[in-house]
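What follows is a short report on a single structure.
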Amino acid sequence: MRAQEYIVQRRAQFSSDAQKSLFEQAKYTEGLARCQELLTELRMRDPRHADIGHLLYECATFQKMSGRLEDAIATMHETLAFDLANEGEASWNTVRSLSGLARLNLFVGRHELAEQLIRRGLAALQQLPAEQQDER
């Protein structure tokens with residue numbers, strides 16, 4: 001896969017300009033509610049749709065910014081489980097989920113778990129094609 005094709009396949013930072021705007025305006029509760037609403041709709045249509053993982057990641061982002069770290073950690077575990085089930089260990093999204101989960105665990109002082117997640121993420125990253133490693 002060429003680097004350009006990979007970039008097109010990657011998930012955007014936010015799935016919509018509206019959600020990005022809510023984040024930038026620090027309307028985290030509203031952003032979380034909107035992500036959860038979209039997530040429910042998408043799961044009803046297609047429980048394996050790739051955007052589910054992205055919406056879960058966004059939910060965790062809004063939870064973290066709202067100070068709900070334990071909820072964010074639980075959501076990131078769900079995101080990681082989704083990515084592993086749908087893409088496997090060696091995928092950009094799995095690496096992203098492992099990285100996000102490691103950061104959250106660092107915030108709450110779970111350093112040993114964070115280190116394990118970082119090591120796992122690095123191992124997964126090394127399995128990706130070179131252009132994806134550079135991007136990540």
Side-chain angles (χ1 to χ4, degrees):
M1 176 184 307
R2 293 187 338 238
Q4 192 67 359
E5 291 170 341
Y6 168 71
I7 291 169
V8 170
Q9 290 181 2
R10 270 196 18 222
R11 296 177 185 153
Q13 176 66 27
F14 286 92
S15 57
S16 73
D17 289 339
Q19 284 162 242
K20 181 179 180 182
S21 178
L22 290 170
F23 183 82
E24 290 170 347
Q25 295 172 38
K27 294 183 178 180
Y28 306 129
T29 302
E30 190 177 332
L32 176 59
R34 182 64 182 140
C35 282
Q36 290 172 328
E37 181 181 310
L38 293 169
L39 190 56
T40 299
E41 291 173 15
L42 190 55
R43 281 181 165 157
M44 288 177 17
R45 281 189 281 144
D46 180 3
R48 292 183 50 111
H49 194 284
D51 285 343
I52 289 174
H54 184 61
L55 285 169
L56 285 166
Y57 192 92
E58 288 182 11
C59 284
T61 300
F62 282 118
Q63 288 167 327
K64 174 188 163 219
M65 297 307 292
S66 299
R68 298 170 48 190
L69 292 176
E70 291 302 328
D71 290 341
I73 289 170
T75 301
M76 281 307 304
H77 277 287
E78 187 178 354
T79 308
L80 177 60
F82 180 86
D83 288 338
L84 288 169
N86 291 288
E87 299 179 15
E89 186 81 19
S91 77
W92 187 91
N93 293 318
T94 297
V95 171
R96 176 178 156 174
S97 295
L98 286 164
S99 175
L101 190 53
R103 278 192 313 274
L104 289 170
N105 277 284
L106 281 173
F107 289 142
V108 296
R110 296 182 190 130
H111 298 117
E112 288 180 26
L113 179 56
E115 183 178 346
Q116 291 170 5
L117 290 163
I118 290 167
R119 289 182 190 283
R120 184 174 171 190
L122 287 171
L125 181 67
Q126 292 172 346
Q127 294 178 44
L128 296 176
E131 68 270 9
Q132 291 181 26
Q133 290 181 25
D134 290 343
E135 179 65 27
R136 188 65 183 134

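The structure presented is a predicted model; accordingly, all values stated were derived computationally and were not measured.
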Only counting residues at least two apart or in another chain, list the ones meeting side-chain contact (heavy atoms from CB on, under 4.5 Å) with [X].
| X | value |
| --- | --- |
| L106 | H111, A114 |
| E70 | I73, V108, R110 |
| E112 | none |

Identify, with sequence neighbours excluded, every residue that meets salt bridge (Lys or Arg N to Asp or Glu O under 4.0 Å) alongside E41.
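So E41 forms no salt bridge (Lys or Arg N to Asp or Glu O under 4.0 Å) with any residue.
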
For E89, what residues pass the salt bridge (Lys or Arg N to Asp or Glu O under 4.0 Å) criterion, not counting sequence neighbours?
R120

Using a 3.5 Å distance criterion without hydrogens, assess whether the side chain of T94 forms a donor-acceptor pair with backbone atoms of A90.
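Such a contact is absent between T94 side chain and A90 backbone.
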
Output yes when a side-chain donor or acceptor of T40 lies under 3.5 Å from a complementary backbone atom of Q36, and no otherwise.
yes

Please list, chain by chain and in numerical order, all residues satisfying side-chain hydrogen bond (donor to acceptor under 3.5 Å, both in side chains) with [X], sequence neighbours excluded.
| X | value |
| --- | --- |
| Q25 | S21, K27 |
| E115 | R119 |
| R48 | N86 |
| E37 | R34 |

Considering non-hydrogen atoms only, spot the tightest contact between [X] and [Y] and give its length.
| X | Y | answer |
| --- | --- | --- |
| I118 | A102 | CG1-CB, 3.7 Å |
| R103 | Y57 | NH2-OH, 3.0 Å |
| D83 | S97 | OD2-OG, 2.5 Å |
| S91 | G88 | OG-O, 3.7 Å |
| C59 | C35 | SG-CB, 3.5 Å |

Listed once per pair and sorted, the ring-ring contact (aromatic ring centres under 6.0 Å, His included) pairs that draw on residues 25-46, sequence neighbours left out
F23-Y28

Donor-acceptor pair between N93 and E87 side chains, under 3.5 angstrom:
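Note: N93 and E87 side chains meet the donor-acceptor criterion.
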
What distance do [X] atom [atom1] and [Y] atom [atom2] have between them, rounded to the nearest 0.5 Å?
| X | Y | atom1 | atom2 | result |
| --- | --- | --- | --- | --- |
| L56 | L39 | CG | CG | 5.0 Å |
| K64 | D71 | NZ | CG | 14.5 Å |
| T75 | L32 | OG1 | CG | 7.5 Å |
| N105 | L113 | CG | CG | 4.0 Å |
| T61 | H54 | OG1 | NE2 | 8.5 Å |
| L101 | L117 | CG | CG | 4.5 Å |

Residues R43, E78: salt bridge by 4.0 Å N-O rule
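Between E78 and R43 there is a salt bridge, with a charged N closer than 4.0 Å to a carboxylate O.
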
